[in-house]
K.L.:
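Submitted below is the structure of interest, expressed as structure tokens.
Quick caveat: nothing in here was measured; it's all calculated off a predicted structure. All values below were derived from every heavy atom in this structure, side-chain atoms included, with hydrogens, water molecules and symmetry-related copies excluded. For ligands, and for the atoms within them, numbers begin at 1 and follow the listed sequence.
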Amino acid sequence: MTAQDGREHQGLADRRARSFSESFKCLFKPSRSRGASPSNVTRLPYRSSSSSPKRNSEPPRRSTISAQLDPKAPSVWQHTYTLRRCSPGMPKLFKHAGSEASNSPTRRRSRSNKKEEAKNESPGSFGSTSNDFRGTQGLRSRSSSNSSCDGSNGTTTSSESHWAMDSLLDHSDNDVIPYRGSNKDVLNARDKVPDDFIDSYEEDALHRATSYPISLPPKQLYHEGLYTIRSHTDGESLKSLPRFAGADLTCIIEQDGFKVYEDGSHEHNVKVMEIVTKLEKSESLPVHRQGSLSKPKLGIALSGLFKHHKDECDIENALSLLPNENGSETNHKKQATDQSCDKNGKGDSNSIPPTQNKKDYLKIVNPDASLGDDELKLINSLSSKIHTSLQHYLHEKNLKPAACAREEAPTFQESYGHPVGTVGAGAYGEVKVCARSRTDSDIPPFQTYHDDKFIYYAVKELKPKTNNDLERFCTKITSEFIIGHSLSHYHKNGQKPAPNILSVFDILESSSSFIEVMEFCPAGDLYGMLVDKSKSKGRLHPLEADCFMKQLLHGVKFMHDHGIAHCDLKPENILFYPHGLLKICDFGTSSVFQTAWERRVHTQKGTIGSEPYMAPEEFVNGEYYDPRLIDCWSCGVVYVSMVLGHHLWKVASREKDISFDTFCKEMTRTKEFKVFEELKHVNSELAATRKIALYCIFQWEPKKRISIDKLLGMQWMKHTNCCLIYESS
Ligand SMILES: Nc1ncnc2c1ncn2[C@@H]1O[C@H](COP(=O)(O)OP(=O)(O)OP(=O)(O)O)[C@@H](O)[C@H]1O
């Protein structure tokens with residue numbers, strides 16, 4: 001190959017990777033005009049499953065808007081990120097969040113004492129909109145503290161210890177009323193659990209618990225093998241801790257199944273979907289009739305009379321479009337190893353490594369990136385298969401599975417069982433849960449939810465809608481699958497996939513649609529959780545929200561470390577296992593800001609995501625922004641939604657939303673925001689450090705906003721006890 005050929009190849013490959021990256025920006029949903037009024041927010045369909053029937057009272061799920069990549073690729077140099085290995089937290093032994101925790105012989109139950117806390121409803125509180133998960137929370141006026149934050153370098157100019165010294169640290173703080181009785185009193189008062197979201201508590205125990213230096217996973221998960229016995233940085237291992245030595249621990253907080261123990265550990269008990277609880281009680285899977293999930297329910301006698309309709313999803317006979325394992329092997333891994341010397345500072349990244357084959361015209365300069373040679377090959381292979389099928393679909397109104405799928409590939413039914421219910425609705429079809437019986441050949445660890453009898457998979461149907469939508473549809477499903485698949489199968493250098501990224505296993509083709517097979521999360525999404533809380537006039541406990549935030553940030557950090565920004569982080573795209581393991585899903589609008597062949601981060605412009613979660617720079621006409629920073633903003637909005645139970649604003653645009661304008665004015669005038677100043681927490685230090693973090697996130701000038709990486713390094717997150725142990729914690 002001549003130098004000229006090499007350059008042409010390089011250009012071609014760059015263009016292909018870029019075009020893939022660019023093209024999926026404007027997919028999925030049509031871009032919304034900038035001037036769209038917040039009241040024009042598109043409403044997504046409500047849940048449509050029998051198990052999760054439409055809830056009239058649910059606020060609308062948010063639609064996704066897409067953005068445009070910067071064609072000139074202005075240089076935003078990549079921050080130096082090192083990939084830190086997360087804990088091996090795959091849910092190999094997850095069980096239904098049953099009564100194990102509460103039945104544990106080593107546990108005493110919490111008997112929280114009820115103390116009435118005066119509730120001052122704040123007139124004109126933020127977020128009192130139709131989009132609230134619930135009504136506004138009563139706000140108190142309280143002493144405020146001065147802060148300044150220099151988000152440009154992610155550090156606070158007022159030290160966090162200084163913050164800890166302010167009035168927020170005062171335990172006589174009006175917002176939290178300490179319980180001063182004995183443990184016995186706590187136990188006796190169990191039936192009088194306060195309905196406010198911050199419980200009364202035994203002050204010392206709570207302080208100890210929330211100041212515990214080590215994040216502790218739930219004990220039963222540890223025993224079930226989810227967590228390995230590991231030494232911590234301070235040399236203390238889990239085994240040496242009281243709760244893992246079988247000590248009798250007192251539960252000091254209990255709220256809606258969320259329990260905090262005196263050693264600082266906690267347990268989540270997120271409600272499991274009805275489909276799963278029913279199946280777990282039954283001995284065998286229900287007899288499945290093809291298309292039965294799509295049929296109207298007209299009663300038992302009539303249901304059998306319906307004939308299979310062409311439009312019904314024929315997923316049982318779907319065939320995988322993935323090449324076999326041998327075929328997918330490429331030199332990405334090899335190159336990554338070869339190039340590792342660059343990372344260590346040895347060797348010139350611009351020179352061709354000695355081991356590199358002449359054919360390897362693409363030089364891997366960023367081996368951590370998710371989009372590398374393997375993915376490029378897969379994109380090409382999938383695109384052409386999908387295109388062929390769609391061309392056929394154009395004429396026959398039917399896909400033709402067997403023609404392009406591997407002959408030896410097992411059918412959908414053999415691999416994933418059959419549908420047992422519907423769990424959600426997406427833009428291109430339904431999300432179903434499929435289950436199959438476990439066999440002897442199923443050897444743990446499993447990468448999806450399972451119980452003693454069955455293994456479950458989530459199956460997203462992707463169906464082309466109209467003929468002129470086909471090109472966009474093809475790119476959408478290819479990008480969604482490739483990004484999800486590459487992130488969740490990250491085994492480079494023996495690394496396990498990130499625990500907070502939903503695994504994407506397969507893409508298949510049936511007679512009428514494409515089918516993406518994913519890990520199943522039996523406790524549903526954060527959106528459903530918040531709606532349930534709002535119905536019972538409750539809210540997530542701050543310690544629970546903090547744990548979720550830490551997991552969310554670690555998941556997003558993993559994506560960013562691998563060159564992908566999610567760009568649509570919202571409660572609907574955050575899923576759970578019953579014990580609180582959080583998974584980020586839906587990579588349909590994710591942005592590849594850096595491929596394996598690039599050192600630079602690509603910026604983009606335009607709106608992408610769902611309005612209340614979108615960052616202000618997205619609404620500035622023609623402005624190119626770093627997609628990682630919009631993820632950070634969205635995480636902040638998700639967190640505030642968790643603890644407040646409502647959004648702060650409908651849209652982060654001063655012209656369009658008075659609430660956001662008020663926020664900006666307050667911040668400009670006083671460098672404080674009343675809502676953040678008054679946000680409650682059970683621990684005053686966490687309250688103070690959290691407040692600083694929120695100010696660092698909600699910087700409307702992106703260059704001042706903190707990065708996810710630095711956010712995780714802040715005191716708030718460092719001192720947050722999380723169900724997963726991350727190496728960086
Ligand atoms: N793996 C899963 N396990 C459990 N529930 C899931 C899973 N995947 C999706 N869901 C449910 O289905 C809903 C829709 O899924 P998803 O967001 O992936 O669809 P979509 O077509 O991308 O939707 P959108 O229109 O928001 O982009 C989710 O909000 C969630 O409630």
K.L.:
Looking only at distance, does Lys460 have an N or O less than 3.5 Å from an N or O of ligand 1?
P.N.:
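Looking only at distances, the answer is yes, because the N/O contact criterion of under 3.5 Å is met.
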K.L.:
Can you check whether Thr439's main-chain N or O pairs, donor with acceptor, with Asp442's side chain at less than 3.5 Å?
P.N.:
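Looks like yes, one N/O pair under 3.5 Å.
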K.L.:
Quick check on Lys583 - does any of its heavy atoms sit under 4.0 Å from an atom of ligand 1?
P.N.:
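No, Lys583 has no heavy atom closer than 4.0 Å to ligand 1.
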K.L.:
Under a 4.0 angstrom heavy-atom cut-off, which atoms of ligand 1 come close to Leu502?
P.N.:
1 (N)
K.L.:
Which atoms of ligand 1 are found less than 4.0 Å from any heavy atom of Glu519?
P.N.:
1 (N), 2 (C)
K.L.:
Would you call the rings of His266 and Phe258 parallel, tilted or perpendicular, taking 30° and 60° as the class edges?
P.N.:
tilted
K.L.:
Do any nitrogen or oxygen atoms of Asp586 come within less than 3.5 Å of a nitrogen or oxygen of ligand 1?
P.N.:
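Right, the criterion is met.
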K.L.:
Of the options Asp546, Ile584, Leu581, which is the one that meets Gln551 in a side-chain contact (heavy atoms from CB on, under 4.5 Å)?
P.N.:
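Testing Gln551 for a side-chain contact (heavy atoms from CB on, under 4.5 Å) against Asp546, Ile584, Leu581 leaves exactly one candidate, Leu581.
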K.L.:
If you measure from atom 3 (N) of ligand 1 to every heavy atom of Gly424, Ala425, Cys521, which option wins on shortest distance?
P.N.:
Cys521
K.L.:
Does a side chain donor of either Ser634 or Asp631 reach within less than 3.5 Å of an acceptor in the other side chain?
P.N.:
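No, no side-chain donor-acceptor pair sits under 3.5 Å.
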K.L.:
Quick one: which ligand 1 atoms are inside 4.0 Å of a heavy atom on Asp525?
P.N.:
28 (C), 29 (O), 30 (C), 31 (O)
K.L.:
Compute the shortest N/O to N/O distance between Glu572 and ligand 1 and return yes if it is under 3.5 Å, no if not.
P.N.:
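Yes.
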K.L.:
Looking at non-hydrogen atoms alone, which of Val431, Val423, Ile574 comes nearest to atom 9 (C) of ligand 1?
P.N.:
Val431
K.L.:
Counting only heavy atoms, which portion of Val433 has something under 4.0 Å from ligand 1: side chain, backbone, both, or neither?
P.N.:
neither
K.L.:
As a test of understanding, state which of Glu430, Glu516, Glu480 forms a side-chain hydrogen bond (donor to acceptor under 3.5 Å, both in side chains) with Lys460.
P.N.:
Glu480
K.L.:
Would you mind listing which atoms of ligand 1 come within a distance below 4.0 Å of any non-hydrogen atom of Lys570?
P.N.:
26 (O)
K.L.:
For Tyr457 and Asp506, which I'm curious about, is there any donor-acceptor pair between the side chains at under 3.5 Å?
P.N.:
no
K.L.:
Out of His541, Glu544, His579, which residue meets the side-chain hydrogen bond (donor to acceptor under 3.5 Å, both in side chains) rule with His268?
P.N.:
Glu544
K.L.:
With heavy-atom distances below 4.0 Å as the criterion, list the atoms of ligand 1 near Ala458.
P.N.:
1 (N), 2 (C), 3 (N)
K.L.:
Between Glu572 and Tyr613, do the side chains contain a donor N or O and an acceptor N or O under 3.5 Å apart?
P.N.:
no
K.L.:
Please tell me whether Asn500 and Tyr726 have a donor and an acceptor in their side chains that are separated by less than 3.5 angstrom.
P.N.:
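Asn500 vs Tyr726: donor-acceptor pair found between side chains.
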K.L.:
Applying salt bridge (Lys or Arg N to Asp or Glu O under 4.0 Å) between Asp256 and each of Lys535, Lys533, Lys271, report the one that passes.
P.N.:
Lys533
K.L.:
Residue-level breakdown please: for Leu575 versus ligand 1, do any non-hydrogen atoms fall below 4.0 Å on the side chain, on the backbone, on both, or on neither?
P.N.:
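For Leu575, the contact with ligand 1 is made by the side chain alone.
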K.L.:
What part of Lys432, side chain, backbone, both or neither, has a heavy atom within less than 4.0 angstrom of ligand 1?
P.N.:
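Neither part.
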K.L.:
If you measure every N/O of Asn573 against every N/O of ligand 1, is any gap under 3.5 Å?
P.N.:
yes
